[in-house]
Amino acid sequence: MKDTSEEWSGMSDMLAMGSALLFSVIGLILAVAGVDGGMRLHGLFLLAASAAAFFYVLSHPTDPQADHATGYFDGPVKVATIACVIWGVVGFLAGDVIAWQLAFPWFNFDLPWTNFGRLRPVHTSAVVFAFGGNALIATSLYVVQRTCRARLPGKWAPWFVVWGYQLFILIAASGYVLGITQSKEYAEPEWYADIWLTIVWVAYLLVFMGTLAKRQEPHIYVANWFYLAFIVTIAMLHIVNNLALPVSLLGSESYPLFPGVQGAMTQWWYGHNAVGFLLTAGFLGIMYYFIPKRAERPIYSYRLSIVHFWSLIFLYIWAGPHHLHYTALPDWAQTLGMTFSIMLWMPSWGGMINGLMTLSGAWDRLRTDPVIRLLVVSVAFYGMSTFEGPLMSIKAVNSLSHYTDWTIGHVHSGALGWVGMISFGAVYCMVPWLWKRQGLYSMRLVEWHFWLATIGIVLYITSMWVAGITQGLMWRAYDHLGFLKYSFIETVEALHWPYVIRATGGLLFLLGGVIMAYNVWRTIRGDQPVDLKDQPRVAAAPEFRPGVVAAPAE
């Protein structure tokens, strides 16, 4: 058995080094022969990352993190958790910078690399894919091991998933600053970055499914259903929406495969379901594990969670056309998207009720545990944003809200309130568990983070509601002769103070993220908690050891 294990380990090393060598050669070719500066720079990134991976594998033939006798494979989870915190601060900073640019245009500095058009996709991708994506990778790989009582498969594949994903983020973000973009919402990276992400994502799917396949627990916990749906659907969306023809295999530019209204329909089938499956289904996986775990209560209704899963998965995929009301898209398709969007109220609120009612008998924890407060408030924002979204999909409402800042407020009530808050709560739960600490460095800092984030979100979304409705009303106002009453620049002038309030709210949210980063750093470093006696005693999942009769699954 030992010989077989060593043989598999050797094969794993050879495959990892061979893959790293192949990507090093590709990176060298792109760095030397690339037809534009962006491609040459990204070739250098690929070369450096692949060479580093090659020498690391070569110098670590017996990586202790890959020893299957020690318990769970948490090294990649730790890296993704740290990356989530770092990229979160970067994404929040980029978002607040562009918010101030909208209020004070001189803040663009009249430079191509710092203008709103280039920093805006840096912000959206950093928050959605870098912060949110790493939160999902970290929590999914943590949760699937604990609920299956099985270790992640492979010696190097989980490391490739985590570090390969960081390389994708670096290539995408640097490309935006250099002006390399497909100009598709949530899908800006160019063709070669998309190919790299596809390779990483397939590895992610195989690692996750491999863990499920070798589980010692016959039952698959519902959180894993949501994680698996998110991984599979994002793969499908990413591949179809990003089909493109490169101008040159050595250049960064490409042409999308789908033209005109077909391209718009495909893009918003992707765009809305990136929200639906990455920012909703994936984070519902976090909700279904971390709220019961932190509250030390079973999920309120397992039956409701199954109904929630299947109805959400079926309905969400059809809702994309509501982004294209009053466009060249056929009216029947617009109405179809609106209808399914309205139907989404039911499963969304069913999930919200399930999450909130899990605290039955533990509501007192809201007073004493700010981590529980983050998790519960995130579910409240989930309920609010999943009410507002279907409302805005109704054509009569959409005629007022479309293209206005009301949409921006809606997106951020979900992104900051739901995705941000539940990610913060999950990070605060996992860090002491992963690094075997007695507790977080400071719960008082978590309190500060909660209130800064909450006040920041409220300032943000209320200012954008005011700005959006103001815009919509001014754009549709006519004088007694039937001419438009306001010029476009007058609507811009009217939004100055809402934009200032929005940027101030974003600044508070950013400060909360910085406090979290400091708290996490001090915890990982092993500093003694300053308020340990006030921290709730929340047990982590027991370590899984092969050959040992384990406790019942959670």
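None of the values given here were measured: they were computed from a predicted structure. The first residue of the sequence shown is numbered 1, and numbering continues consecutively from there.
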| request: Please work out which of the three classes, parallel, tilted or perpendicular, describes the rings of F226 and F309, given edges at 30° and 60°. | output: perpendicular
| task | Just say parallel, tilted or perpendicular for the rings of F109 and W106, cut-offs at 30° and 60°. | result | perpendicular
| field | Parallel, tilted or perpendicular: ring planes of W156 versus Y56, cut at 30 and 60 degrees | value | perpendicular
| R437 side chain vs P432 backbone, donor-acceptor pair below 3.5 Å | no
| Is the Lys NZ or Arg CZ of R525 less than 6.0 Å from the centre of W521's six-membered ring, within 45° of the axis? | yes
| task | Return yes if some donor-acceptor pair links the side-chain N/O of S463 with the main-chain N/O of Y460 below 3.5 Å, else return no. | result | yes
| task | Could you check whether the rings of H42 and F45 sit parallel, tilted or perpendicular, using 30° and 60° as the cut-offs? | result | tilted
| query | Which is it for Y227 and T139 under the side-chain hydrogen bond (donor to acceptor under 3.5 Å, both in side chains) test, yes or no, and what are the steps along the way? | reply | CA-CA 9 Å; Y227 282 129; T139 57; 3.0 Å; yes
| Which class fits the ring pair W418 and F283: parallel under 30°, tilted 30 to 60°, perpendicular over 60°? | perpendicular
| task | Kindly assign one of parallel, tilted or perpendicular to the pair H123 and H412, based on the angle between their ring planes and the thresholds 30° and 60°. | result | parallel
| message | Take a 6.0 Å sphere around CG of D364 and say whether it holds more than 12 heavy atoms from other residues, nucleotides or ligands. | response | yes
| field | Salt bridge flag under 4.0 Å for residues R146 and D74 | value | yes
| query | Taking the six-membered ring for Trp, are Y302 and Y221 parallel (under 30°), tilted (30 to 60°) or perpendicular (over 60°)? | reply | tilted
| field | Over 12 non-hydrogen atoms of neighbours within 6.0 angstrom of CE in M209 | value | no
| message | Is it the case that atom CH2 in W196 sees more than 12 heavy atoms from other parts of the structure closer than 6.0 Å? | response | yes
| message | With a 3.5 Å distance limit and no angle check, can you tell me whether R215 reaches the backbone of L212 through a side-chain donor-acceptor pair? | response | yes
